[in-house]
There are 2 protein chains.
Amino acid sequence: MSEGENRQNEALERRVRADARRNLDGLLKAAMEVFATSGVDAPVREIAGKAGVGVGTLYRHFPQRSDLIVAVFRREIDACADDAPVLAAQYPPGEALSRWMQRFVDFVSAKRGLSAALHSGDPAYEPLPAYFDQRLRPALENLLQAAEKPGEIRPGMDAIELLHAVSRLASAGGDDARRMVALLVDGLRYRAGDTQG
Amino acid sequence: MSEGENRQNEALERRVRADARRNLDGLLKAAMEVFATSGVDAPVREIAGKAGVGVGTLYRHFPQRSDLIVAVFRREIDACADDAPVLAAQYPPGEALSRWMQRFVDFVSAKRGLSAALHSGDPAYEPLPAYFDQRLRPALENLLQAAEKPGEIRPGMDAIELLHAVSRLASAGGDDARRMVALLVDGLRYRAGDTQG
DNA sequence: CCATATACGGAACAATGTTCCGTTTATCAA
DNA sequence: TTGATAAACGGAACATTGTTCCGTATATGG
């Protein structure tokens, strides 16, 4: 290959058109707003309308409805994961765990439809649980290990399993969700230090 | 009113036609089968087809899709409630509670879509949670009270709240669901006998 | 066996996800 | 600046599914 052709090895074949990027951003913004008010089941046309584009344009950027939902939720997951180390540095292990759990509950409760998408089983949403696990599992694992060491909770709890369970409980929303998650965490504490059956 | 008109006070105005009853039964049977294989989201036409009737007939008996779903699930709830007193008589309170919970988990897990319908929030499904609560709450309340008395679990747990939480966890299905519910029940045991803060 | 209320079947309608394609336009190079 | 062209756009059209409507068929009671 000639050096001229190779300049900027990636992004060689023409950069994305400005209107395309504009519309993609507008669609994400519109979708976030619509999902927040009407829920994730809102008609595609409503989102396209709010973004000021045709449905064809929407489908060019997000080949399936679910792709748009996934794109919107993806960016909401990071902030939650990043809070884990902060709380770990700020509180004793057991309390850091409790607090992050409540933080997580509030997050899932606020995003109506996240839990449903997560547990739908529909392969179209598969990238969402994948990202969810990849990002949140290490966060929770660190908290669990820190609390295991001094014997505050039972050892060997699987982080993914716990994460999924809590996200299910969280979908109830409100104080019920918070109480039930607290109860579940208390389950981790029950007979935590036992060595005999 | 004359005594002649009053004979058999209810069912006075012409008894239901035999074909109507036949079709209603057939629809329920078909729906149960279809729900079991294709899930509760299966098209109405599939159910009508399997029952050998037109969609008009289906809608005559079940004005909304959800009414059919509710009708199918309703009858599945009773058997579960009736097991509570049996287990209570057979095991010590704490174990009876654990065992019934697992029984309940298996029940909800088996009926894919029950949990979703239960927690959808759609007013069309309102009769379902209502029946669910009415039938299962007393069953669980008795188990809880029996286990509270000897101090095996913390007092004051709300049966409905617990029921809803467990049905959410149960929708995961499989061993994960069983483990998480067991963990939640252990939460009830954590510091059960404490009297000071 | 007739009259009639009841039930039936399926075409038609409405809402919504998705595809298609003729039209418009941003980008690049001359 | 301007023209060629690949890329993106818009929205009509299509497919699927819940629901309604109404002309037709039939079970029931006399």
Side-chain angles (χ1 to χ4, degrees), chain A residues 2 4-8 11-28 30-31 34-35 38-72 113 116-117 120 122-125, chain B residues 4-5 7-8 11-28 30-31 34-35 38-72 113 116-117 120 122-125:
Chain A
S2 83
E5 283 171 335
N6 196 27
R7 197 152 35 105
Q8 276 182 317
L12 209 180
E13 46 259 334
R14 212 173 199 146
R15 69 173 188 271
V16 304
R17 277 170 50 165
D19 56 346
R21 148 132 268 118
R22 233 189 350 264
N23 283 331
L24 188 142
D25 290 345
L27 279 165
L28 278 173
V34 170
F35 289 167
S38 311
V40 294
D41 289 335
V44 186
R45 286 164 177 77
E46 187 181 336
I47 298 165
K50 184 154 215 159
V53 304
V55 286
T57 299
L58 188 155
Y59 272 89
R60 162 167 287 267
H61 291 291
F62 303 99
Q64 292 192 126
R65 202 193 128 65
S66 58
D67 293 323
L68 180 54
I69 294 174
V70 169
V72 167
S120 71
D122 186 330
Y125 289 104
Chain B
E5 282 168 341
R7 195 149 39 103
Q8 274 181 318
L12 210 182
E13 48 258 334
R14 211 173 198 144
R15 71 172 186 272
V16 301
R17 274 170 52 164
D19 55 348
R21 152 129 265 120
R22 231 186 355 261
N23 283 331
L24 188 143
D25 291 346
L27 279 166
L28 278 173
V34 170
F35 290 167
S38 311
V40 293
D41 290 335
V44 184
R45 286 165 177 76
E46 187 181 336
I47 299 165
K50 184 154 214 157
V53 304
V55 285
T57 299
L58 188 155
Y59 272 88
R60 160 167 287 267
H61 291 289
F62 304 98
Q64 292 192 124
R65 201 193 130 63
S66 58
D67 293 324
L68 181 52
I69 295 173
V70 169
V72 167
S120 71
D122 187 331
Y125 290 103

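Because the structure is a prediction, the values reported are computed rather than measured.
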Exercise. Between His61(B) and dA7(C), is there a side-chain N or O to OP1/OP2 distance below 4.0 Å?
Worked result: no
For this session: Quick one: label Gly49(B) by what it contacts on the DNA or RNA (base, sugar-phosphate, nothing), any heavy atom closer than 4.0 Å.
Result: nothing
Problem set entry | Rounded interatomic separation in angstrom, taking CG from Leu27(B) and P from dA7(C) | 13 Å
Exercise. For Leu27(A) and Ile47(A), which heavy atoms make the closest approach, and how far apart are they?
Worked result: O-CG2, 4.2 Å
Exercise. In whole Å, what is the span from the CD1 atom of Ile47(B) to the C1' atom of dG18(D)?
Worked result: 12 Å
For this session: May I ask you to verify if any side-chain N or O of Arg45(B) is less than 4.0 angstrom from the OP1 or OP2 atom of dT17(D)?
Result: no
Exercise. Expressed in angstrom and rounded to an integer, what is the separation of Arg60(A) atom CZ from dT18(C) atom P?
Worked result: 17 Å
Exercise. Just how far, in rounded Å, is P of dT16(D) from CZ of Arg65(A)?
Worked result: 18 Å
Exercise. Between dG17(C), dC9(D), dT19(D), which one does the side chain of Pro43(A) approach most closely?
Worked result: dG17(C)
Exercise. Is any side-chain heavy atom of Leu24(B) less than 4.5 Å from a side-chain heavy atom of Arg60(B)?
Worked result: no
Problem set entry | From CG (Leu58(A)) to CG (Asp67(A)), nearest 0.5 Å | 10.0 Å
For this session: Nearest whole angstrom, please: distance from the P of dC14(D) to the OH of Tyr59(A).
Result: 17 Å
Exercise. Atom CZ of Phe62(A) and atom P of dT19(C): how far apart are they, to the nearest Å?
Worked result: 16 Å
Seminar exercise, completed: Contacts of Gly56(B) and Ala42(B) projected onto DNA chain D by closest heavy atom; the upstream (5') one is Ala42(B)
Exercise. How many angstroms lie between atom OH of Tyr59(A) and atom CZ of Arg65(A), to the nearest 0.5 angstrom?
Worked result: 7.5 Å
For this session: Could you check if a side-chain atom of Phe62(A) sits within less than 4.5 angstrom of a side-chain atom of Val70(A), using non-hydrogen atoms only?
Result: no
For this session: Produce a footprint string for nucleotides 24-29 of chain D: one letter per nucleotide, 5' end first; B if the base is under 4.0 Å from any protein heavy atom, S if only the sugar-phosphate is, - if neither.
Result: --BSBS
Exercise. Does dA8(D) have OP1 or OP2 sitting under 4.0 Å from an N or O in the side chain of Thr57(A)?
Worked result: no
Exercise. Should Leu28(A) and Leu68(A) be marked as a side-chain contact (heavy atoms from CB on, under 4.5 Å) after you check the CA-CA gap, both sets of side-chain angles, and the distance that decides it?
Worked result: CA-CA 7 Å; Leu28(A) 278 173; Leu68(A) 180 54; 4.2 Å; yes
Exercise. Just how far, in rounded Å, is C1' of dG17(C) from CG of Leu58(A)?
Worked result: 11 Å
Exercise. Looking only at heavy atoms, which two atoms of Val40(A) and Phe35(A) are closest? And how far apart?
Worked result: CA-CD2, 3.7 Å
Exercise. What's the CD-P distance between Gln64(A) and dT16(C), to the nearest Å?
Worked result: 19 Å
Exercise. Counting just side-chain N and O atoms, does Asn23(B) come under 4.0 Å of either OP1 or OP2 of dA7(C)?
Worked result: no
